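Residue numbers start from 1 in every chain, and the chains themselves are labelled A, B, ... in the order their sequence lines are given, proteins ahead of strands. Below, all heavy atoms of this structure are taken into account, side chains as well, without hydrogens, waters or symmetry copies. Just so you know, these numbers come straight off a predicted model, no measurement behind them.
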Amino acid sequence: MKKKLEALIQQAVISLKKEGVIADDIGAAITLERTRDAQHGDFATNLAMMLAKPAKMNPRQLAEKLVAALPKDSAVTKVEVAGPGFINFFIDSRSQYDIVKKVHELGSDFGLSQIGVGKKVQVEFVSANPTGPLHVGHGRGAAYGSAVAGLLEAVGFTVHREYYVNDAGRQMDILATSIWLRYLEECGEPVRFPDNGYRGGYVGDIARDIYKNAKDEYRCPIGLVLEDIPKDEAHGGDKEAHIDALIARAKSLLGTMHYRDIFQAGLTNILDDIKNDLQEFGVEYQEWFSEQHLMDDGSVDLALNRLQASGHLYEKDGATWFASSQLGDEKDRVVRRENGQYTYFASDIAYHMNKLDRGFDLIIDIWGADHHGYIPRVKAAIQALGADANKLKVLLVQFATLYRGEEKVQMSTRSGDFVTLRQLRDEVGKDAARFFYVMRRSEQHMDFDLQLATSKTSENPVYYVQYAHARVCSVLRQLVEKGLPRDIVSGMNGLTQLAEEHELSLLSTLERYPEMLERAALTHEPHQLILYLRELANDFHTYYNAHQFLVDDDKLRDARLNLICAVRQVLANGLKLLNINTPESM
RNA sequence: GCGCUUGUAGCUCAGCUGGAUAGAGCAUCGGCCUUCUAAGCCGAGGGUCGCAGGUUCGAGUCCUGCCAAGCGUGCCA
């Protein structure tokens, strides 16, 4: 209907141009929107006001001329000029009934569109370091990322969901060393745990597993481990130097093979946990991409060679720098340290080169908002590799600030003091967690009160939407219990009986679903979908309280049942897209 | 200091990319169950859209300057 009206308006503009009322060269981007107030009809355009100035005409006069030039259409009952120059369209309510048939015919396909067909999009999200279990901050990225991916798929894009596994680098060494020290404790060595080590209980769990299987195989006397190690922070030293020395010591005492055993035990264990966690959260990936793999297959070298060849690298102070400041970054960045090691950024350049080489039309990275300063350098890298920086779209997710009632919860991965995603799921369930996470705009700060969210009796909006779905199911059960017949075809033929205000309102909300979905997908804003579902549920609950569905009049009953079944279908389509359950009873 | 983001009802947040009288959920107050599930519905109160200018027919939305908060500003990841 919206597209139809836009076409009509376009024709009116063309004919006015032919008459010379408006100059040919005036651009006319038609903005047609649904009215908020029923007095303003169903759709309205501000076109006359937009064109008034270039056409040198009074907006209301121009609006009158536009209306006069508008081709007749049976679906449009009235067109009027209002206010400062709005053109309001009133739609024949009979044409609105078609939506019920359409939903019924298309079923779970209703709302899908084709605008993304033929385009490949990569969505990389979560990508938390495998140094510990996912916490509630990652949960938001997971819910948001999978919702964005789902939306893009719904409008036709081919979506590749990917998790970048940071399985190389210093953090992983710190983890491995932490595990080894816990293991030594298990062996009975009097270990003093480093301030900068990973203190979470899972580290000890992994260490105990290793001890159970290997006994003393990896054991070294603690005296040897600590010999000549610089002081830790608690003793007036530098915690970074302390842990780095411990890592080096672990490697030298254990030897390459044994060190790798510990390292792998940590990586495998934690990564499996993350995979399992996300799966239970309803998040699926097409690919888990290993950073180490980029190192091993020479991609990092290749990427740097390409930057070297195009003149974007230089040497200074013994390190290799990327001249990103020439491509919009604040300053140049080191890619290879003085000690010969690549920086994290170097492998990230290689990773994005890899993404580009895979031929995606659009690359979406979803990051925590604390990484926003990183965007210019990655975009610079993409440009330096000869690609269009606009191919990369970085979406930021603000971390949720956690509260327990009034008290703010401090979180630190290192200290192990954090609420895990799994804990959250156990307490509030997958559905509530997903819904809650995606309810707000992603770049918006979000206060997450655990007491409220973990309270079973809390007024959680997800129940509100699910309840509407369950209620329709319940009505259909009642129909059977009362032994009443249902004739879908007759109901479709009798849709025009649905003239109550609540019914017309539902029809128009249903019709909005596809365009809402398209917008939510293209703007990467799943909260639009949540908002819509709450609105649809609200319309339904209001209708439910105002009118009886299982009335004696067969025709009317059939029509109403068809309407509420369409509501149920759309609720289900939206909830499934968000991977939230659609209970038949509650 | 500089950069990015945010500032809307007591609280948590929407606001369709510049439109008509700024909305919803909690919370507060008042109503609705012998009738398809009250996890629901109806109603009321509650606002200097951080502040001050500017752009124009029209600004919560755009531009500038302040104020406040968060994050970033490593040869960390």
Undergrad: Taking N or O atoms only and anything under 3.5 Å, show me the protein contacts with nucleotides 9-13 of chain B, one pair per line.
TA:
| from | atom 1 | to | atom 2 | distance (Å) |
| --- | --- | --- | --- | --- |
| B/rU12 | O2' | A/Arg440 | NH1 | 2.9 |
| B/rU12 | O2' | A/Arg440 | NH2 | 2.3 |
| B/rC13 | OP1 | A/His445 | O | 2.8 |
| B/rC13 | OP1 | A/Asp447 | N | 3.1 |

Undergrad: What's the shortest heavy-atom distance between A/Leu529 and A/Leu578, and which atoms?
TA: CD2-CG, 3.7 Å

Undergrad: When you measure from the side chain of A/Tyr544, which nucleotide among B/rC36, B/rC16, B/rC41 comes out closest?
TA: B/rC36

Undergrad: Could you give me the CA-CA distance, side-chain angles and deciding distance for A/Asn562 and A/Arg486, then say whether side-chain hydrogen bond (donor to acceptor under 3.5 Å, both in side chains) is met?
TA: CA-CA 10 Å; A/Asn562 282 3; A/Arg486 182 181 173 203; 2.9 Å; yes

Undergrad: Return whichever of A/Tyr464 or A/Phe43 has its heavy-atom-nearest nucleotide of RNA chain B closer to the 5' end.
TA: A/Phe43

Undergrad: Using atom types as modelled and distance alone, determine if a side-chain donor or acceptor of A/Ser474 lies under 3.5 Å from a backbone N or O of A/Ala470.
TA: no

Undergrad: Anti or syn, where syn is a glycosidic angle within 90° of 0; which label fits B/rC33?
TA: syn

Undergrad: Under 4.0 angstrom, heavy atoms only, what part of the nucleic acid is A/Gln528 near: base, sugar-phosphate, or nothing?
TA: sugar-phosphate

Undergrad: Ring centroids only, cut at 6.0 angstrom: are A/Phe345 and A/Tyr374 within range, meaning strictly under it?
TA: yes

Undergrad: Once you apply a heavy-atom cut-off of 4.0 Å, does A/Thr320 come out as touching a base, just sugar-phosphate, or nothing?
TA: nothing

Undergrad: Can a donor-acceptor pair be found, under 3.5 Å and without considering hydrogens, that links the side chain of A/His524 to the backbone of A/Val148?
TA: no

Undergrad: Indicate yes or no: at least one non-hydrogen side-chain atom of A/Val567 is less than 4.5 angstrom from one of A/Leu571.
TA: yes

Undergrad: Give me syn or anti for B/rU17, where syn covers glycosidic angles within 90 degrees of 0.
TA: syn

Undergrad: Determine yes or no for a side-chain-to-main-chain donor-acceptor pair under 3.5 angstrom, with A/Asp317 supplying the side chain and A/Ala319 the backbone.
TA: no

Undergrad: Hey, would you say the A/Tyr544 and A/Phe549 ring centroids sit under 6.0 Å apart?
TA: yes

Undergrad: Below the 4.0 Å mark, does B/rA38 have OP1 or OP2 next to a side-chain nitrogen or oxygen of A/Arg471?
TA: yes

Undergrad: Take atom CD of A/Glu535 and atom C1' of B/rG25, then tell me their distance rounded to the nearest Å.
TA: 13 Å

Undergrad: With a 4.5 Å heavy-atom cut-off, do A/Tyr437 and A/Val397 have their side chains touching?
TA: no

Undergrad: Would A/Asn166 and A/Tyr344 count as a side chain to side chain contact (heavy atoms under 4.5 Å, CB included) here? Give the steps.
TA: CA-CA 9 Å; A/Asn166 294 116; A/Tyr344 172 84; 3.2 Å; yes

Undergrad: For A/His40, report the nucleic acid contact type (base, sugar-phosphate, nothing); a contact means any heavy atom under 4.0 Å.
TA: base

Undergrad: Between B/rC36 atom C1' and A/Arg560 atom CZ, what is the distance in whole Å?
TA: 12 Å

Undergrad: Dump the pairs, protein N or O against N or O of nucleotides 31-33 of chain B, anything under 3.5 Å, distances to one decimal.
TA:
none

Undergrad: Counting any heavy atom closer than 4.0 Å, what does A/Ala44 reach on the DNA or RNA strands: base, sugar-phosphate only, or nothing?
TA: base

Undergrad: Within 45 degrees of the axis of the six-membered ring of A/Phe436 and under 6.0 Å from its centre: does A/Arg440 put its NZ or CZ there?
TA: yes

Undergrad: Mark up nucleotides 54-61 of chain B, 5' to 3', with B wherever a protein heavy atom is under 4.0 angstrom from a base atom, S wherever such an atom reaches only the sugar-phosphate, and - elsewhere.
TA: ---B----

Undergrad: I want to check a possible cation-pi pair here: A/Arg512 against A/Tyr532, using under 6.0 Å from ring centre and within 45° of the ring axis as the test.
TA: no

Undergrad: Please give the distance between the C1' atoms of B/rC67 and B/rG53 as a whole number of Å.
TA: 15 Å

Undergrad: On RNA chain B, compare the nucleotides closest to A/Leu479 and A/Asn88; which residue's is nearer the 5' end?
TA: A/Asn88

Undergrad: What pair of heavy atoms forms the shortest contact from A/Ala48 to A/Pro59, and how long is it?
TA: CB-O, 3.6 Å

Undergrad: For A/Asp244, is there an ion pair with A/Arg170 - N to carboxylate O distance below 4.0 angstrom?
TA: yes

Undergrad: Given the P atoms of B/rU6 and B/rC42, what is the spacing between them in whole Å?
TA: 33 Å

Undergrad: I'd like to compare against my own output: the B/S/- annotation of nucleotides 72-77 of chain B with a strict under-4.0 Å heavy-atom distance to protein.
TA: S-SBSB

Undergrad: In sequence, state the C-alpha distance, the side-chain angles, and the governing distance for A/Asp365 and A/Tyr164, and then conclude on side-chain hydrogen bond (donor to acceptor under 3.5 Å, both in side chains).
TA: CA-CA 10 Å; A/Asp365 285 7; A/Tyr164 183 50; over 6 Å; no

Undergrad: Using atom C1' of each nucleotide, how far apart are B/rG60 and B/rG18 to the nearest Å?
TA: 11 Å

Undergrad: Within the 4.0 Å heavy-atom criterion, would you say A/His547 contacts the bases, only the backbone, or no part of the nucleic acid?
TA: base

Undergrad: So do A/Pro130 and A/Met172 actually touch side chain to side chain, heavy atoms under 4.5 Å?
TA: yes

Undergrad: Is it true that A/Asp431 and A/Gln466 share a donor-acceptor pair across their side chains at a distance under 3.5 Å?
TA: yes

Undergrad: Report all interatomic pairs (protein N or O, nucleotide N or O of nucleotides 42-47 of chain B) with separations under 3.5 Å.
TA:
| from | atom 1 | to | atom 2 | distance (Å) |
| --- | --- | --- | --- | --- |
| B/rC42 | OP1 | A/Thr542 | OG1 | 3.3 |

Undergrad: Would you check if the distance from the ring center of A/Tyr351 to the ring center of A/Phe289 is below 6.0 Å?
TA: yes

Undergrad: Could you go step by step and tell me if A/Glu64 and A/Gln61 meet the side-chain hydrogen bond (donor to acceptor under 3.5 Å, both in side chains) rule?
TA: CA-CA 5 Å; A/Glu64 297 289 356; A/Gln61 273 177 13; over 6 Å; no

Undergrad: Strictly by modelled atom types, are A/Thr320 and A/Glu315 linked by a side-chain donor-acceptor pair under 3.5 Å?
TA: yes

Undergrad: Any base atoms under 4.0 Å from A/Ala468, or only sugar-phosphate, or nothing? Heavy atoms, all strands.
TA: nothing

Undergrad: Find the distance A/Phe540:CZ to B/rA38:P and express it as a whole number of Å.
TA: 11 Å

Undergrad: By a 5.5 angstrom centroid cut-off and a 30 degree plane limit, is there stacking between A/Phe86 and B/rA20?
TA: yes

Undergrad: Rounding to the closest angstrom, what is the interatomic distance between B/rG47 and B/rA24 at atom P?
TA: 15 Å

Undergrad: Reading RNA chain B 5' to 3', what string of ( ), [ ], | and . shows its pairs, if Watson-Crick and G-U wobble pairs count only when both distances fall under 3.5 Å?
TA: (((((((..((((.....[...)))).(((((.......))))).....(((((..]....))))))))))))....

